[in-house]
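Report on the structure given below.
Only a predicted model underlies this, so the values are computations on that prediction, with no experimental measurement involved. A note on names: the letters A, B, ... follow the listed sequences, proteins ahead of strands, and every chain is numbered from 1.
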Amino acid sequence: MKIENIIQKGLKTALAELYDFTPAESQIQIQNTRKDLEGDVTVVVFPFLRFSKKSPEQTGDEIGTYLVKNIEFVNSFNVIKGFLNLEIESSFWIDSLLEAYSNKNFGTDSQPEVSETVMVEYSSPNTNKPLHLGHIRNNLLGYSISEILKATGKKVIKTNIVNDRGIHICKSMYAWQKWGNGRTPENTGMKGDHLVGEFYVEFDKHYKAEVAELIEKGLSKEEAENQAPSILAARELLVKWEAKEEETMQLWKTMNSWVYEGFDVTYKTLGVDFDKIYYESETYLVGKEEVLRGLKEGLFYKKEDGSVWADLTAEKLDQKILLRSDGTSVYMTQDIGTAKMRYEDYSIDKMVYVVGNEQNYHFQVLAILLDKLGFKWGKDLYHFSYGMVELPSGKMKSREGTVVDADDLVENMVNVARDVANELGKLDSLSESDAEDTYRMIALGALKYFILKVDPKKNMLFNPEESIDFNGNTGPFIQYTYARIQSVLRKAADKNITVNSDINVDEISGKEKDLLKRVSLFPSVVAEAADNYSPAVIANYCYELVKEYNQFYHDHYIISESNEETRNFRLVLSSTVASVIKKGMNLLGIEMPERM
RNA sequence: GGACCCGUAGCAUAAUUGGAUAGUGCACCUGACUACGGAUCAGGAGGUUGGGGGUUCGAAUCCCUCCGGGUUCACCA
């Protein structure tokens, strides 16, 4: 049983007996005692003063005395300025360590009676550009939050909606036809998504030149933008695509398949995956049907030009277009269709969209529209909105070539990891392929941790010049500690020292106790991360845990400890810490090397 | 202009959701290995939490008001 629950229960009876008062949940505040003060658990007594009608010190005194007398684990207490600090017996913490040590699923085994099914949408790329740093944040957050939700007993379906249709795809297709010279991933050796991305850039280059030329000839900017030969050609392709014209469909399929192969490689390096992939080319018509149904039911209205709109002024929002005057669908229409298909395919209780915060308005509207259309799950869809990744120069802009490519970034990181490891000479004993594997783990550990440790809501800054650190509050720091513990455990095994759960120690040091307390927090940290949709909570916990372990390691002998009982206790402690680190970091999608 | 978000030391970030003296890393100084891994540990310096007001036992956190930054308000996706 968790210490908070025990104290809470005791506190309730204490208040009832002492002051004849039954507190509400919100009035009971139990927290960990500040590091620099005596005690383990702290109760805030301010909320009780109205009922005790005594000073904070006196009230704390009375409650403290009561708890020491009535709860066997509470040894002593002190009161500082209205904060009641309780000291908990060591045996309690040792028991909680044993629970963590013996339970393989410690922290990830909470099983709510009714297990919800949650679908998490993330990644959601366009097929005309390779993935970049922004996508990396999206993918890491999406993957991690899925793992965290699973750890709290939810059934999770990871999904990806690929935006594979529209004018932007036609631009790349046109550029390939016109300037492609028959280049393919096979004959150039290029990754498919990068190749297609080049054509998209190529299109933009020609288009811009054409527009400039037309303006030169006296056309207005708008006229020029609408009459440039390239854009006319791309639009023509879109019309052909919608008419399912044979040759165009073939080209579309071929180029998309190049991109998918490229994406698959990137997803694999990042270590993310999906249970089900949707394609907008398959869902947008469903959305259109839904909008027309809504129109018939009088939820939406039609303008004279034939376009269909939703009036959201009652919700203090604007008018929103749902179908263009030519009857084609917009972004919103597609999302309605995709949502409908998802709920038909799976019995989802909740939908989570991992999409950047520039879409806040879109999802606010989507929730209202789904609700209007009568989908009961619409109103409480969750938009996991995260901030953007900025560069020192500002926002990433593909036109200005300031985009940080996902594949390049990972490759650079692996190179840096290799250099650092070689300089330290740590991996000389490993075979080449094992060493490469380790460099990759470290590189990705650094990258993932760097991104996931910051609060998802916040915009974050990434400086490619400075690259990512391997010291301090970083992924490799945590990996290093893990590898070091593994090394200790290996050495112990070599010396035929057995580790068993029969712990007999009378006294433990302050550092050891800190570590025990920290380990016991893991399950509630996982729960908190899930409640707040925040992998950062896990990342920060892992860091604190590891930092505390390193302090303990520095101050105490483990294998070399002469007292066998103490040695055994420290081995159990080390092994438990290692497994908690591994579990926590796995929730972030970060692997732990056995040596580094 | 309307709506939403953000502002913490030179930089990057945390703060148990309103709690105690605002933690941590990088960078900068100083120290620690002939017993388990120095990608480590210990210490120092660095803050009016953008400014001002308010709410209360108590504010980085809530309210008001300025200042600065971002996003969004497309018959683009």
Are [X] and [Y] close enough that a side-chain donor and a side-chain acceptor fall under 3.5 Å?
X	Y	answer
Q334(A)	Y278(A)	no
Y353(A)	D335(A)	no
T59(A)	S52(A)	yes
D40(A)	T33(A)	no
D469(A)	T474(A)	no
S96(A)	S520(A)	no
N85(A)	T42(A)	yes
Y386(A)	N138(A)	yes

Without decimals, in angstroms, what is the distance between [X] [atom1] and [N] [atom2]?
X	N	atom1	atom2	answer
Y361(A)	A77(B)	OH	P	16 Å
Q334(A)	C76(B)	CD	P	12 Å
E358(A)	A3(B)	CD	C1'	16 Å
E315(A)	G2(B)	CD	C1'	17 Å
Y386(A)	U71(B)	OH	P	15 Å
L427(A)	A39(B)	CG	P	11 Å
N360(A)	U72(B)	CG	C1'	8 Å
E222(A)	A74(B)	CD	P	15 Å

Does the ring centre of F477(A) sit less than 6.0 Å away from the ring centre of Y480(A)?
-> no
Does [N] have a Watson-Crick or wobble mate here (both distances under 3.5 Å), and if so which one?
N	answer
C4(B)	G70(B)
U61(B)	none
G25(B)	C11(B)
C41(B)	G31(B)

With syn defined as a glycosidic angle within 90° of 0 and anti as everything else, classify U17(B).
-> syn
Could you write nucleotides 13-25 of chain B as a row of B, S and -, 5' to 3', where a protein heavy atom under 4.0 Å of any base atom gives B, of only sugar-phosphate atoms gives S, and otherwise -?
-> SS-BB-BBB--SS
Report, as a single string ordered 5' to 3', how protein heavy atoms within less than 4.0 Å touch nucleotides 33-38 of chain B: B base, S sugar-phosphate only, - not at all.
-> --BBBS
Measuring only the [atom1] atom in each nucleotide, how far is [N] from [M]? A whole number of Å is fine.
N	M	atom1	answer
A39(B)	U34(B)	P	16 Å
G43(B)	C66(B)	C1'	43 Å
A14(B)	A3(B)	P	28 Å
U71(B)	G18(B)	P	29 Å
G54(B)	A15(B)	C1'	24 Å
C67(B)	G52(B)	C1'	11 Å
G23(B)	G44(B)	P	12 Å
G68(B)	U56(B)	C1'	30 Å

Just to confirm, is there a sub-4.0 Å distance from OP1 or OP2 of A77(B) to any side-chain nitrogen or oxygen of N126(A)?
-> no
Can you check whether Q551(A) has a side-chain N or O nearer than 4.0 Å to OP1 or OP2 of A42(B)?
-> yes
Side chain of A421(A): nearest nucleotide among A77(B), C41(B), A39(B)?
-> A39(B)
Identify whether any heavy atom of [X] sits under 4.0 Å from a base atom; if not, whether one sits that close to sugar-phosphate; answer base, sugar-phosphate or nothing.
X	value
Y331(A)	base
E280(A)	sugar-phosphate
L317(A)	nothing

When you look at CD of E38(A), are more than 12 heavy atoms from neighbouring residues, nucleotides or ligands closer to it than 6.0 Å?
-> no
Is the closest basic N to carboxylate O distance between K35(A) and E548(A) below 4.0 Å?
-> yes
Between D318(A) and F477(A), who's closer to the 5' end of RNA chain B by nearest nucleotide?
-> F477(A)
Using the ring pair (Phe, Tyr, Trp, His ring centres under 6.0 Å) rule, take F450(A) and F462(A) through it: C-alpha gap first, then chi angles, then the decisive distance, then the call.
-> CA-CA 9 Å; F450(A) 180 84; F462(A) 177 82; 5.8 Å; yes
